[in-house]
Amino acid sequence: MKSRWLELMIVSILLLIGFGVRVHDIATVPMGFSANEIIGIRVTEVIKDRTFRVFFTTENGSIESLFYMLQIPVTMLVGDGLVGYRMMPLWTSLITLALVYAVARRLFGISVGFIALITMCFGIWPVLIGRTATHVSLVGAMTLITLLAASHAFYLQQNIRPLRPKTISYTYLALAVVLSAYTDYTGLLAGLGVFLFVLYLWYTRQTVSRHTWWNTGYALTLSMIFGLPYLISFLRTASVSGLYVFWRDRPTSPLNLLESIGHTLVAFAWRGDANPAHNIPGLALLPPEGALIAAVGLIAALWRWRKPNYALLVIFFNLGLLPDMWLRGGPDYEALAFVNPLVYILIGVGVVEFFRILRENTDPPDKLAWLKRQRLLGEWPQPLYRITIIFVLIIFARDIWFFRQLFADWPNRPDTQQAYHTNIGQLAVYLDHNPDGPPVLICSPQIHPTTSITEAPSDQQLLEWMLHREDISYRVANCRRDFILLNAGATMRVVFTDAADVTTLPIQIRHWLEDAQPLSSQYLDRGTAYLLEVERRLADMGGALQRESQIFYPRVSTEDELEQVPLPVRFGGNLALMGHEPLQLEGDIHSGTVFTLVTYWRVDGSVLSNAGVFIRLHDTPQASPYAEVNEFQVDTSRLQARDIIVQVGLLRLPDTLRNQEYRLTLGVYDGETVNQLPVYDTLTGAVRGTYLLLGQPFIVTTTNGG
């Protein structure tokens, strides 16, 4: 009883250490989401909208949905963001650690269990996948759950016993097999592995109860019932199932297959996955010493293949290698997720086997006779034990070096930062840690949201997924076209997703940043954040706009005189035009010229989600335009009353224009450009049409003089 208590205490300590390694800086290493994580988040959001499917089509083919169904209650409990979305894989990783000990201990004894647990606690891939919000983090756990269920169903420990099977054990086995398939397409190998193990029991005539065969049939039938949704979905849309990956990425030739097999094998000891979202690029799954010990364990398991506990491990290990060996472009650690926890069990088997050899061979080889004569390391065979301990400490030191790479070097690699959208991740962490203070304008060239899982999300969507707090006041705009002066120019923060964007701003927007003060933060790159206050300057600008802007209501008939609009003038959708900067209409205007029109808009309330501003070129306003610009590159859902939007519109005059008189019109639309919103009379509030006339008519001189 006391030894069992000590065992549980040691296991608990190791699990806490494993938890500490995985949770350390989980929001900042990596600081952002990879493409696969983003796909998973989008699947989670789709399921939240009550769209349930076995497979979801993605840009990489398809993705199974079980993990993301489990992700929903977790995020409802702890929230979302860089931490919330990673809590489920973190917990799954800890469950996997506990399972690897339970399975190794049951099949091969307590020593193998401890070694498997210790080595997996510090394995680079298990740590990395435990911090990554993808369904792959659940694959290893489902593999171990299937093995544990099989060991109970067949009374499998360090031997096999012919006891009468229990129906409940086979029910658990059927559930484990089916849930593995619903987790990832590689989970189908779990069912195949159990089937091959049953064939092995029959072929080797193991001493099992005759009722085992009937219960195996029961488990198979139950699996087919539970798996009907999977089967139906596969038959209806085979091209979006995980199995389609095997066909799509199949080897193109026998030589290509041999090359892929070679890549898989060397990934264990020499050169691993080059994808920075899966690995420290190129780092092998195991250090060379660990791979050697795992190879010893595999050889020992193959040597004892007639013992069912070893046979079960060998069957599942070899099956787990198949996906990466078959698929082109490897090694891919995600394809090896099924087999990964088994590698650490093999390391445990290898270490125990190595010590068994030491115990049974007391006489050293001739080349090691000097170890028996020396006394510094003790009497034989103590030198071998102590050298082995030194060897293990060297391996541990190498692991510490790998972790230094993981937490210090890997996040700062350019390919890692690109893979994880670190620029948006840094912004999210900054906002979460600095929620108080002036409101924030986020300048990003990618703000238009997308709804399809197969499309790349906007920076705005990425930020919303990465933020944990929901009470942060910020606006989002493409500052190359629209710049927002928050709360009528009061003190605000301006943050760019890329420092290079500051130099690409049009001069009409860049001059508003002349008095901005740089902000520094440990989470943001230099030159991306500024503190800005232009309230007095904007008020002066408003007075100048009212004096200098030439804006007219549309005429009811051609005989009517133009009526100038008192500014500001209200449009439908809670937008008011404050005015525009002077138009450059003097001198010759040629076709091909680009007009730059800078307008100022005030937000008076909730703005329509699909609101836009149009600028059009006409010969007569009632006719179809010769050219037009339709845009409003801001997140309208976050705009607040008194926000001022500075919009820079670029209108190019077509080369096909004739020598005649033209003029510009301006208005607001909702969604489609034909849905023009009304203009309200500044004095009476009556509707005065759906557009305004800008400035005086001008003559275009064509380049060919026609």
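- With a 4.5 Å cut-off on side-chain heavy atoms, Trp213 and Val198 count as touching.
- Between Thr183 and Glu64, the closest heavy-atom pair is O-CB, 3.5 Å.
- Between Phe338 and Met142 there is no side-chain heavy-atom pair separated by less than 4.5 Å.
- Between Val177 and Val194 the shortest side-chain heavy-atom distance falls below 4.5 Å.
- The number of heavy atoms from other shown groups lying within 6.0 Å of CH2 (Trp303) does not exceed 12.
- Annotation: side chain of Asp409 is in contact with side chain of Arg404 (closest heavy-atom distance under 4.5 Å).
- Contact of the Leu6 side chain with the Met9 side chain is registered, since non-hydrogen atoms from C-beta on lie closer than 4.5 Å.
- In terms of heavy atoms, Leu189 sits closest to Leu319 at CD1-O, 3.3 Å.
- Listed here is the closest heavy atom pair of Met87 and Val78: CG-CG2, 3.8 Å.
- The OG1 atom of Thr92 lies 14.0 Å from the CZ atom of Arg86; values are rounded to the nearest 0.5 Å.
- Considering only heavy atoms from C-beta on, Ile17 comes within 4.5 Å of Phe122 through its side chain.
- Using a 4.5 Å cut-off on side-chain heavy atoms (C-beta onward), Thr132 and Pro89 make no contact.
- Below 30°, between 30° and 60°, or above 60°: for Phe268 and Phe317 the angle between ring planes is between 30° and 60°, a tilted geometry.
- No more than 12 heavy-atom neighbours from other residues, nucleotides or ligands sit within 6.0 angstrom of CZ on Phe195.
- Interatomic distance, Tyr85 OH to Thr75 OG1, rounded to the nearest 0.5 Å: 6.0 Å.
- The backbone N or O of Ser151 lies less than 3.5 Å from a partner atom in the side chain of Arg106, making a donor-acceptor pair.
- Residue Lys48 places its NZ atom among more than 12 non-hydrogen atoms of other residues, nucleotides or ligands, all under 6.0 Å distant.
- Looking only at side-chain heavy atoms (C-beta outward), Gln522 and His433 stay at 4.5 Å or farther from each other.
- Considering OG1 of Thr167 and CH2 of Trp214, their distance stands at 13.5 Å, rounded to 0.5 Å.
- Less than 6.0 angstrom separates the ring centroid of Phe197 from the ring centroid of Tyr200.
- Judged by distance alone, with hydrogens and angles left aside, the side-chain atoms of Ser137 form no donor-acceptor pair with the main-chain N or O of Ala133 at under 3.5 Å.
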Working note: Glu353 + Arg356, criterion salt bridge (Lys or Arg N to Asp or Glu O under 4.0 Å); need CA distance, chi angles, decisive distance, verdict. CA-CA 5 Å; Glu353 182 66 17; Arg356 185 192 65 80; 2.5 Å; yes
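- By the side-chain hydrogen bond (donor to acceptor under 3.5 Å, both in side chains) test, Asp184 is found to be paired with His135, Thr186, residues two or more places apart in sequence or in another chain being considered.
- For Phe56 and Tyr68, the distance between ring centers is not under 6.0 angstrom.
- For the atom pair CH2 (Trp91) and CG (Leu70), the distance works out to 11.5 Å, reported to the nearest 0.5 Å.
- A distance of 10.5 Å separates CZ of Arg22 from CG of Leu128, quoted to the nearest 0.5 Å.
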Derivation of the side-chain contact (heavy atoms from CB on, under 4.5 Å) call for Glu45 and Trp465: CA-CA 10 Å; Glu45 297 298 318; Trp465 293 331; 4.2 Å; yes
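- For Phe114 and Tyr101, the ring centers are positioned less than 6.0 Å apart.
- Scanning both residues, Thr146 and Ser180, for their nearest heavy atoms gives OG1-OG, 3.3 Å.
- Of all heavy-atom pairs between Ile347 and Ala294, the closest is CG1-CB, 3.8 Å.
- Side-chain contact annotation: Glu334 with Asn36, donor-acceptor N/O pair under 3.5 Å present.
- Heavy-atom contacts from other residues, nucleotides or ligands closer than 6.0 Å to CH2 of Trp305 number more than 12.
- Note: Tyr344 OH to Met120 CE = 6.5 Å, rounded to the nearest 0.5 Å.
- Of the possible polar contacts, none joining the Asp324 side chain to the Leu336 backbone as a donor-acceptor pair under 3.5 Å is found.
- Note: Trp410 and Tyr420 meet the aromatic proximity criterion, with ring centroids under 6.0 Å apart.
- Shown here is Tyr172, whose OH atom has no more than 12 heavy atoms of other residues, nucleotides or ligands within 6.0 Å.
- In this structure a side-chain-to-backbone donor-acceptor pair under 3.5 Å is present from Gln206 to Arg306.
- Contact detail for Leu144 and Ile345: the closest heavy-atom pair is CD2-CD1, 4.2 Å.
- Counting non-hydrogen atoms of other residues, nucleotides and ligands closer than 6.0 Å to CZ of Phe52 gives a total above 12.
- Note: His24 and Phe407 meet the aromatic proximity criterion, with ring centroids under 6.0 Å apart.
- Looking only at distances, a side-chain donor or acceptor of Ser260 sits under 3.5 Å from a matching main-chain atom of Leu327.
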